[in-house]
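Contents: one structure, followed by commentary.
Predicted, not measured: the structure shown is a model, and the values here were computed from it.
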Amino acid sequence: MLPLLAVILVCASSTSPADCTRETALDVITRPVAMPMECAKVGELTGEVALDVRREGRRYLMIRCERRKG
């Protein structure tokens with residue numbers, strides 16, 4: 001089991017980056033990663049390809065790296 005998760009938060013443009021959390025996000029996607037530097041790469045690819053967020057000005061991505069629990 002990989003110890004880290006890339007957490008991709010899709011937040012409304014009306015939500016400040018400081019307030020973009022798992023609780024306030026429009027959508028939350030997680031992907032397992034092996035190293036912290038992979039979080040950004042996996043997050044960007046997932047968000048851009050799967051969600052097509054970059055084409056729409058009403059949403060933005062916030063990518064975080066978290067340790068898996070358990």
Side-chain angles (χ1 to χ4, degrees):
M1 178 163 76
L2 299 174
L4 299 172
L5 286 175
V7 180
I8 303 102
L9 305 173
V10 180
C11 290
S13 59
S14 59
T15 303
S16 74
D19 294 330
C20 181
T21 65
R22 283 180 177 249
E23 291 76 28
T24 62
L26 300 171
D27 200 1
V28 178
I29 299 170
T30 59
R31 297 283 186 261
V33 295
M35 295 182 289
M37 66 184 136
E38 290 180 54
C39 287
K41 182 188 290 185
V42 168
E44 284 292 322
L45 289 173
T46 300
E48 287 181 7
V49 173
L51 304 174
D52 205 17
V53 168
R54 297 289 181 220
R55 290 188 182 181
E56 184 182 327
R58 296 174 298 187
R59 301 182 295 168
Y60 67 94
L61 294 178
M62 179 73 73
I63 301 162
R64 304 220 166 115
C65 200
E66 297 179 0
R67 290 223 173 268
R68 282 188 140 175
K69 294 180 173 100

Considering only Ile, Leu, Val, Met, Phe, Trp and Tyr, and joining two whenever side-chain heavy atoms are under 4.5 Å apart, list the other residues clustered with L26.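 Grouped by the 4.5 Å side-chain rule, L26 forms a cluster of one, so the answer is none.
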
Applying side chain to side chain donor-acceptor pair (under 3.5 Å), can you list everything that pairs with [X], at least two apart in sequence or on another chain?
{"X": "T30", "value": "none"}
{"X": "R64", "value": "none"}
{"X": "S14", "value": "none"}

Run the side-chain contact (heavy atoms from CB on, under 4.5 Å) check on R67 and L4 step by step: do they pass? CA-CA 5 Å; R67 290 223 173 268; L4 299 172; 3.6 Å; yes

What are the two closest non-hydrogen atoms of [X] and [Y], and how far apart are they?
{"X": "P32", "Y": "R68", "answer": "CB-NH2, 4.1 Å"}
{"X": "P36", "Y": "C65", "answer": "CA-SG, 3.9 Å"}
{"X": "Y60", "Y": "C20", "answer": "OH-CB, 3.6 Å"}
{"X": "G43", "Y": "L61", "answer": "O-CD1, 4.3 Å"}

Roughly how far, to the nearest 0.5 Å, is [atom2] of [Y] from [atom1] of [X]?
{"X": "T46", "Y": "I63", "atom1": "OG1", "atom2": "CD1", "result": "8.5 Å"}
{"X": "I29", "Y": "L5", "atom1": "CD1", "atom2": "CG", "result": "13.0 Å"}
{"X": "R59", "Y": "T15", "atom1": "CZ", "atom2": "OG1", "result": "12.5 Å"}

Not counting sequence neighbours, which residues clear side-chain contact (heavy atoms from CB on, under 4.5 Å) with S13? List them please.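 Expected list: none.
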
Which pairs with one or both residues in residues 4-22 pass salt bridge (charged side-chain N to carboxylate O under 4.0 Å, His left out), sequence neighbours excluded?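 Those involving residues 4-22 are R22-E66.
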
